[in-house]
Every structure is written in structure tokens, then in C-alpha cells.
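Written below as C-alpha cells is the structure these notes are about.
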2 protein chains.
Amino acid sequence: MQNDCRNCPFKTKATSMLSECSLDQLTSNHLELKLKKGDSIIKQGTYSTNVVFLRTGLAKIHLAGPYTEQIVKMVNAPSYLGLPTTFGSKINQYSVTAVSDAEVCFIDLEVFQNILDENKEFNREIIQEFCKNELESFHRCANRTQKLIRGNMADAILDFADKIFKSDTFMLPLSQTEFANLVDTSRESVSRVLTEFDKDGIISVKGRQIEILNKKSLQLISQNG
Amino acid sequence: MQNDCRNCPFKTKATSMLSECSLDQLTSNHLELKLKKGDSIIKQGTYSTNVVFLRTGLAKIHLAGPYTEQIVKMVNAPSYLGLPTTFGSKINQYSVTAVSDAEVCFIDLEVFQNILDENKEFNREIIQEFCKNELESFHRCANRTQKLIRGNMADAILDFADKIFKSDTFMLPLSQTEFANLVDTSRESVSRVLTEFDKDGIISVKGRQIEILNKKSLQLISQNG
DNA sequence: ATTATTTTGTGATATGCATCACATTGTATA
DNA sequence: TATACAATGTGATGCATATCACAAAATAAT
């Protein structure tokens, strides 16, 4: 299955910087796949030989912590996945799993490296990505460990609304157990805080359907009080 | 102050891949500085126009969390500092401070970008670095949040011994308050656990002088029990 | 439809650790 | 050498939240 990457409507900023030549190289060296919710994209502990381009959909990056599975972050399309794990280690250090239906392209590592070598602009964009990710992870580190649960949950909900779904109404793409693993709490606490927020009129919760009713409040809780 | 970068005895793996030409460019576009313990290298909130090369010494990367200053990680020479913050944002998103006497070179951002563009091998090594860092931060995220204090303290002590000082005897380069910020606890807990470890004969603590007496135990506590 | 299985809600209890409070030691500064 | 200030040790107390224990929904499988 090889669509022409030149016409791919889902290019990242980086990809749009590629030369025709490199795009052709991509075209002839990628494997396109349609995935369903829950399908594994990258599996911790297995050999990594591909970089993955997430064309459409939403994925979670997670890994085995000392006790429970830890969800490190959510990534939505379009985005490259697995760069750290394929470049930084022979064996995948983390898993990536689709949490919605998704389309992905598996790109051979060498081809990707080659393209990285040959396209300055692309290279810069990818490095830019790395930098943003590292900054993000620094901030997450400081926030997650210092804030109380309500603050972290507020954060996560705002993130879903603003960064992932770009809407104040959305379906939570995770179970409460998973949500707990993302926010560093217990499943029970997630449940409690969610109903709490609902009772306080800050959000409305109907099953996994969430609507932000009072964004200001949520932001205040996020900044913490 | 411009020593010839070609003869610099503190090159990183990446730097050793540079072309003569690029090394000359570096030579004529860097500012070499001797710093003392406690001196600021990068300051959160200020404009970032330089990449910093840590020639010798030890530094902490830290940023203002919602409540307290959070130490994200320790970095020892030789290493580049501030890439994420200079490439990823105009304003520094974090601080870097020397925790020992240190020597640094300030490198103009454009020059560094240029060198990154012109040297494939160097570029690859830098990307490799980014990948390793991201993996590390994922693991740290999972460990820090799931482990109890004793586990995290054991981790940190092992890290100092194995990665930073390469010796089982070393001077803790941080006050207990700082150590607490690194390990996500309170100063008091650091003090308590340290004396605990000492009493159990796992480490010996004399002021900031630390000696690991029973590494197996420490590793066990790190893996957690 | 019926049963099995996963997901969620909610109380009661336990606990790890932060916080407070103050003593003590160590280290700069006059 | 005296004085001030920062860093550390240690007990007592409180609190946020994990854990346990079920019940109730909701989903999936038969």
C-alpha cells in the first residue's frame, strides 16, 4: 500500500519541507496501515526498526513503571512517533498504542535517517520538535510532582480540550484507570474528582463525554488553589 | 578568550565529529568562561541567544514549579546545555546553574545551527542525545511518581555514584533542600532517609561525604521493597 | 436475551509523608 | 573570637490520597 507522499494531506510542518526527491524516497519505502482503537503501534521490549508517522488519530505513549503502566503523554496526528526509541535504543523503551482509530505509516529507519541527512529544513524542524518535547517534559515533571490531584486533573482536561481536541466538548479517550496512570493517581481518585468537578458545575460528565462549563475555574484549579 | 577548539581536550563524541572548518568556526565564535560553584549559566525568563558547552564541572537543570524550584536533572561535563531552551523557545524555560566550579563555552546560536547543518555526523550525535534524553525523562517520569521516597533517594544516590562521579564515594553536590527538590520530597524526609540508610549500614554519611557500603541493598531499595 | 467481564461510583480505613516547631550544628561575616 | 545565618536533625501532628471492599452500571461475549 503506497500512496504518494507528495499528495499526503496530513504532512507535518517538517514533512512539508522535504525535497521532491526525498518525498519520492518516502513514497517507495513506507508501509501504510489502518489501525483500530486499542491497536498497538510500538511495543516496549521488541526490536525497533521503524519510525512511525501518525497520519490520523490519537495515540498514547506508555511504559511499564515499577508498579503500574505509566502513560507518559498523549500524541495526536500528524506526528512522528518512536524517534527516541528507535534512535536512542535498539529495543523499544516504550509502547505506543492507538486510543482511537488511526492511520499510520511505518518508515524504514535508514530511509528516515537518510532524509534527515539530506534535508536541512526537515532536520531543523525535527530538532525543534525534540526541543519542544524536552521542554514540555521538564514542565510536566515540575507540575505533576508538585500539584495536588485536582490540579493535575484540571491540567489534563484542559490539555485534552486545547491541545488534543481543540474543543471544550470531547469524549475522554481513556478509561478512568488509564486516566489515573496519566495523571499519577488512583482510579478511584479520578472518579471522585470527576464527580466533584461535575457537582461544582465546572465540567459536565456523562459517561466519557466531557464538557467544560467553567474554563476559568478549571484554569484556576490548574494553577492551583 | 578564544582557545582553539581543535585542541580542546573536552570534546563530546559529537564535537569530535566536526570538520576542521566547523571547528575553526567554533573557535572564532565562542566565549570561554571559568565559573564558580553556584554561578548561573542559563537563567529562566531571560532571552536565550547562546548554546552552552559545559567543558568541565557539574550543573543542575532547574525551573520554577508551581510551588518550589524543581531540579529536573544533573548534567556533568562534557555536554551541551540549553539546546531545548534556545531552539524551542526565545525565552529560557529553565535555569542551569553550576554546582561545582566549571568551565563553559558560550556559542552563538546561529553558529551552532550552522554547524548542525553542515556536519551530518555531528547532527546525528546531537539527535542521538535528544533521543537519549527523552527516553531518560520518560523513565524518570514513571519512576519518580510511582516509587516511594526511599526508592527515589536510592535511585538518586546510585545515579550520582554511577553516572556523575563514577565512584562509590563522593561529596553530595547539593544541599538537602536541593536534594529534596531533585527527588520530589521535603528537606526533612531527605535528612531522615539519609540517617536511616546510614544506620542500616547501606551508606555512610559524614556531612555531605557519602560512601556506598552495600550497593546490593541500595539497588534493591531502588527497585523497591 | 443472558451471562460474563470490564468499567465506574462511593464509603471506610490505613499510611506515607508534608508540615510545623524547635534544637543543633556548621559555616560565613564582622 | 564573637555573631549571624544557613544547613541539618528529629519529634509530634495533620492531611491528601492510596487501598480495600463492595455495589452498580455499562460493554462485550455467548
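Convention: sequence-line order gives letters A, B, ...; per-chain numbering from 1. For the numbers below, each heavy atom of this structure counts, side chains included, while hydrogens, waters and symmetry mates do not.
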A:Gln146 CD to D:dA16 P: how many Å, rounded? 17 Å

Check the pair B:Glu196, B:Arg192 against salt bridge (charged side-chain N to carboxylate O under 4.0 Å, His left out), reporting the backbone distance first and the verdict last. CA-CA 6 Å; B:Glu196 221 173 289; B:Arg192 274 187 257 267; over 6 Å; no

So, B:Glu32 and B:Arg55, do they make that salt bridge, N to O below 4.0 Å? yes

Quick one: does A:Pro173's side chain get under 4.5 Å of A:Lys60's, heavy atoms only? no

Provide, to the nearest angstrom, the distance between the CG atom belonging to B:Leu172 and the P atom belonging to D:dA7. 13 Å

Return the value, rounded to whole Å, for the distance between atom OH of A:Tyr67 and atom C1' of D:dA18. 13 Å

B:Lys199 NZ to D:dG9 P, in whole Å, measures 10 Å

Which atom pair, heavy atoms only, marks the closest approach of B:Val75 to B:Leu58? O-CD1, 3.4 Å

Matching residue for A:Ser222 among A:Asn143, A:Asp155, A:Asp159, A:Asn152 - test: side chain to side chain donor-acceptor pair (under 3.5 Å): A:Asp155

Protein-nucleotide distance (B:Lys37, atom NZ; C:dT27, atom C1'), rounded to Å: 12 Å

Check: A:Phe10 ring centroid to A:Phe53 ring centroid under 6.0 Å: no

Go through C:dT7, D:dT19, D:dG9 for me and flag the one nearest to the A:Arg208 side chain. C:dT7

Ring geometry between B:Phe160 and B:Phe170 (parallel below 30°, tilted from 30 to 60°, perpendicular above 60°): tilted

Under 3.5 Å, which protein N or O atoms sit close to an N or O of nucleotides 16-18 of chain C? Give each pair with its distance.
unit_1	atom_1	unit_2	atom_2	d
C:dC17	OP1	B:Ile149	N	2.9
C:dA18	OP2	B:Ser186	N	3.4
C:dA18	OP2	B:Ser186	OG	2.9
C:dA18	OP2	B:Ser189	OG	2.5

Polar atom pairs between nucleotides 25-30 of chain D and protein, under 3.5 Å, N or O only, would you list them?
none

B:Arg187 CZ to D:dA7 P, straight-line distance once rounded to whole Å: 10 Å

Side chain to side chain contact (heavy atoms under 4.5 Å, CB included) with A:Phe197: of A:Leu213, A:Val205, A:Leu218, A:Asn214, only one passes, and it is A:Leu218

Divergence of helical axes at both termini of the helix from C:dA1-D:dT30 to C:dA30-D:dT1 - five pairs an end, 10° steps: 50°

Within the 6.0 Å centroid threshold, strictly below: A:Phe112 and A:Tyr80: yes

C:dT6 P sits how many Å from A:Glu178 CD, rounded? 14 Å

Contact class for B:Ser175 vs. all strands (heavy atom < 4.0 Å): base, sugar-phosphate, or nothing? sugar-phosphate

List the atom of B:Cys5, the atom of B:Thr27, and the distance in Å for their closest heavy-atom pair. N-OG1, 3.0 Å

Can you find a side chain N or O atom of B:Gln176 that sits less than 4.0 Å from OP1 or OP2 on D:dG9? yes

